[in-house]
Amino acid sequence: MARILITSALPYINGVKHLGNLAGSMLPADVYARFNRAMGHEVLFICATDEHGTPAELAAIEAGQTAAQYCDEQHEIQKRVGAGFNLSFDWFGRSSREPNRKLTQHFADVLEDKGLIDERTSKQVYSVDDKRFLPDRYVEGTCPNCGYEKARGDQCDNCGTLLDPIQLINPYSSVSGSRNVEIRDTRHLYLLQSKLQDKVRKFVDDRAANWPNLTTSIAYKWLDEGLIDRSITRDLQWGVPVTRNGAPRPGFENKVFYVWFDAPVEYIGSTVEWAEANNQNWERWWRTDKGADDLTYVQFMGKDNVAFHTVSFPVTILGSEEPWKLVDKLKAFNWLNWYGGKFSTSQKRGVFMDQALELLPGDYWRWYLTANAPESSDTAFTWEAFKACINSDLNDVLGNFVNRITKYTAAKFDGKVPDGGEPGEHEAWMANELATRLPQLIAHYEAMEFRKAATETRAIWAAGNEYITKSAPWTAYKTSVDQAAVGIRTGLNLVALFGVIAQPIVPETAKKILDAIGVPDDRRSLNPEKLGQGGYAALLDVLPRSKPIEVPPQLFTKIEDTQVAEWTARFGGG
RNA sequence: GGUGGGAUAGCUCAGCCGGUUAGAGCGCAGGACUCAUAAUCCUGAGGUCCCCGGUUCGAUUCCGGGUCCCACUACCA
């Protein structure tokens with residue numbers, strides 16, 4: 001039994017996330033967590049809302065709330081939506097809670113003690129009417145390059161030129177539209193990343209073999225360009241207060257740590273929250289001097305987050321010279337697009353997590369988004385593909401198989417696992433299918449190749465249909481009830497097995513199947529040592545004979561063309 | 001601009017560290033079956049592997065150049 005720590009990139013507090021966010025971090029992390037639990041490993045699966053920063057503060061103002069009220073509300077919404085998708089977090093924390101504040105302040109103290117933090121003065125745009133400093137992106141004006149009038153302070157969306165807000169002609173605040181903006185001096189703490197260049201490179205070198213290309217190429221890009229010292233504080237109210245040795249830092253009373261400095265720390269902070277709530281020991285998962293040296297730490301995220309996890313956060317950890325657990329495997333995803341374009345709230349393009357659950361149960365989305373995960377490149381969501389995938393894979397291949405076997409059992413075998421007959425060539429064929437396919441399935445999961453895992457899962461389900469066509473118990477029944485009994489007994493055992501392998505991706509459906517067949521919890525393991533015990537042929541005869549089973553309620557409902565039309569009109573597409 | 005990812009069947013994608021007839025699912029056409037949710041099973045049609053060069057006995061695969069899409073580019077997160 002291994003110990004595995006799994007974290008998903010923290011969803012930002014600013015509103016419910018869309019399907020792309022779900023598909024690129026939280027869902028695959030959950031599938032991986034469920035797979036490893038089903039293998040019998042000890043898993044701790046941690047997530048949280050990332051609550052600090054300018055967008056949260058502005059959204060709160062917009063909503064007429066304090067930042068704390070706004071985050072309280074949004075956190076509950078995200079937590080509820082996550083639960084709706086059966087995301088099996090052991091803890092879903094908040095970066096605004098006390099453990100993260102203390103840890104963030106601790107890291108800043110230690111880094112300063114090691115000589116890795118400097119105070120420096122920089123120039124920043126200040127909006128007099130908004131009474132706030134503006135991040136580059138929140139300053140707009142005329143592009144000096146192309147004359148576009150709505151260029152942002154970091155980049156012109158029209159011509160693509162990278163800008164400094166000072167370069168903008170007629171700058172104004174995008175918060176209020178006020179042109180009363182000026183450049184002011186402001187003092188900030190800088191993390192001297194340049195001093196850790198070699199340490200971080202060694203850290204990446206040590207792991208590169210275990211990281212996908214997408215991950216290593218991004219990490220090396222930053223390293224090859226050379227790490228630059230980075231400001232880790234901001235002129236904001238909402239965030240982790242800047243302290244020095246437990247007291248407010250003079251001159252920094254109105255500043256907080258930069259959200260990207262405290263957000264990754266919340267992986268640890270959320271674990272502390274979990275430990276406090278459950279009377280557990282969090283250090284066992286994070287301190288290599290206190291038991292965390294034997295575990296594997298796996299992170300899941302979209303590609304936009306990779307640099308922060310391969311370089312920035314390691315700078316914090318390595319710079320502290322304290323024995324913190326660092327990431328071992330890092331799985332990054334590309335984007336899920338909406339019909340080839342971006343998800344967009346304002347243009348009514350795309351489905352958000354809460355809306356998705358209004359349309360269909362979580363398992364439908366989980367299946368589609370796993371089977372079509374944007375692993376090697378960006379992937380397009382379309383209603384047509386979604387409908388075809390759900391109707392075929394879930395409804396026709398899996399749902400109908402469970403239905404046809406259990407109903408026949410009820411009709412001809414008194415609702416009990418049949419006892420007669422001996423297995424023959426068809427059962428041998430099926431056992432052989434399992435012998436090749438089950439190990440492949442497990443290998444795909446272990447390699448975190450989720451599309452392939454879904455494809456293999458479906459192939460196993462389809463093999464069940466092929467088997468039952470070959471053995472044709474309904475034909476055999478006319479001449480030999482014992483012959484039919486073998487087919488149906490094998491079919492029922494396949495139903496149970498299909499439920500077991502469905503658990504990581506469609507947990508709710510898997511539970512319905514396994515409960516109906518009466519598979520006890522300790523027989524739901526995916527571990528090959530338990531699965532293949534006595535050979536794969538034995539898997540086809542593990543249910544106690546004469547044991548009563550139930551016909552589960554219809555597992556899925558087909559998606560109709562009328563629904564596709566309705567959803568396309570409501571959410572965009574085509 | 002820089003760095004990286006991608007381009008393969010009508011659609012979504014595998015694959016190829018160079019080697020018989022390039023694969024899967026969906027969709028489409030035909031057939032079988034009737035236990036089941038008009039489901040399932042079998043067979044078939046369908047490809048200039050983005051373009052141009054190069055290396056090679058042989059290139060979809062390797063190399064060079066180009067085209068198009070996407071991400072990141074450090075103060076949005």
Side-chain angles (χ1 to χ4, degrees), chain A residues 9-14 50 52-56 58 122 124-125 133-139 152-155 160-162 164-165 188 193 212-218 220-222 224-225 227-235 258-260 263 302-308 311-312 332 334-335 337 340 342 371-372 374-382 384-389 391-393 395-397 399-409 411-412 449 451-452 454-455 458-459 462 464-470 472-475 477 484 487-488 491 551 554-558:
Chain A
L10 309 185
Y12 194 65
I13 194 68
N14 189 9
D50 172 18
H52 296 138
T54 306
L58 293 177
S122 63
Q124 185 79 27
V125 175
F133 281 94
L134 298 174
D136 293 356
R137 177 167 289 219
Y138 287 84
V139 186
R152 291 195 319 260
D154 56 346
Q155 182 168 21
T161 308
L162 295 181
D164 194 293
H188 283 296
Q193 299 193 122
N213 191 9
L214 181 62
T215 304
T216 50
S217 61
I218 293 173
Y220 280 123
K221 185 228 168 201
W222 279 44
D224 291 346
E225 288 180 359
L227 298 186
I228 59 177
D229 301 338
R230 186 174 72 127
S231 159
I232 58 163
T233 52
R234 291 289 183 277
D235 291 288
Y258 174 38
V259 60
W260 261 118
K303 57 185 169 183
D304 57 330
N305 265 285
V306 172
F308 296 100
V311 177
S312 306
N334 290 281
W335 299 131
N337 290 322
K342 291 190 186 201
N372 297 281
E375 283 180 312
S376 62
S377 66
D378 294 351
T379 292
F381 177 96
T382 67
E384 293 75 13
F386 178 65
K387 167 179 177 274
C389 172
N391 289 355
S392 170
D393 296 357
N395 194 79
D396 297 346
V397 174
N400 180 58
F401 182 80
V402 171
N403 189 253
R404 69 197 295 204
I405 299 292
T406 52
K407 274 198 175 159
Y408 197 85
T409 305
K412 304 286 189 185
E449 300 257 23
R451 281 181 96 114
K452 289 178 183 171
T455 299
R458 189 203 128 96
N465 280 308
E466 193 177 340
Y467 160 76
I468 210 70
T469 300
K470 287 179 198 287
W474 47 87
T475 305
Y477 192 86
I488 292 304
V551 178
Q554 184 167 326
L555 297 172
F556 305 101
T557 308
K558 280 204 180 197

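Below, chain A is the first sequence line, B the second, and so on; all start at residue 1.
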For [N], does the base pair up with any side-chain atom of [X] as donor and acceptor (N or O, under 3.5 Å, distance only)?
X	N	value
A:Asp396	B:U40	no
A:Trp335	B:A71	no
A:Gln124	B:C75	yes

Determine the interatomic distance between [atom1] on [N] and the same-named atom on [M]; round to the nearest Å.
N	M	atom1	answer
B:G58	B:C62	C1'	13 Å
B:G30	B:U8	P	29 Å
B:A32	B:C49	C1'	35 Å
B:C13	B:A7	C1'	12 Å
B:C69	B:C76	C1'	24 Å
B:U43	B:G23	P	14 Å
B:G19	B:G1	C1'	41 Å
B:G6	B:U60	C1'	15 Å

Dot-bracket notation for RNA chain B, counting Watson-Crick and G-U pairs under 3.5 Å, with | for partners on another strand: (((((((..((((.....[...)))).(((((.......))))).....(((((..]....))))))))))))....
Quick one: is [X] getting a side-chain N or O under 4.0 Å of the [N] phosphate, OP1 or OP2?
X	N	result
A:Lys407	B:U37	yes
A:Lys303	B:C70	no
A:Tyr467	B:U40	no
A:Ser392	B:C26	yes
A:Arg234	B:C76	no

Counting side-chain heavy atoms from CB outward, which of [options] is closest to [X]?
X	options	value
A:Arg404	B:C35, B:A77, B:G25	B:C35
A:Trp474	B:C41, B:U73, B:U34	B:U34
A:Val259	B:C76, B:A77, B:G25	B:A77

Sugar-phosphate only, base, or nothing, as touched by A:Ala385 at under 4.0 Å among non-hydrogen atoms: nothing
Evaluation steps, side chain to side chain donor-acceptor pair (under 3.5 Å), between A:Ser392 and A:Arg458: CA-CA 10 Å; A:Ser392 170; A:Arg458 189 203 128 96; 3.1 Å; yes
Toward the 5' end of RNA chain B, by each residue's nearest nucleotide, A:Glu375 or A:Ser122: A:Glu375
Face-to-face contact A:Tyr408 to B:C35 six-ring, under 5.5 Å, under 30°: no
Non-neighbouring partners of A:Thr455 that pass side chain to side chain contact (heavy atoms under 4.5 Å, CB included), sequence neighbours left out: none
Any donor-acceptor N or O pair under 3.5 Å, side chains A:Lys303, A:Asn334: yes
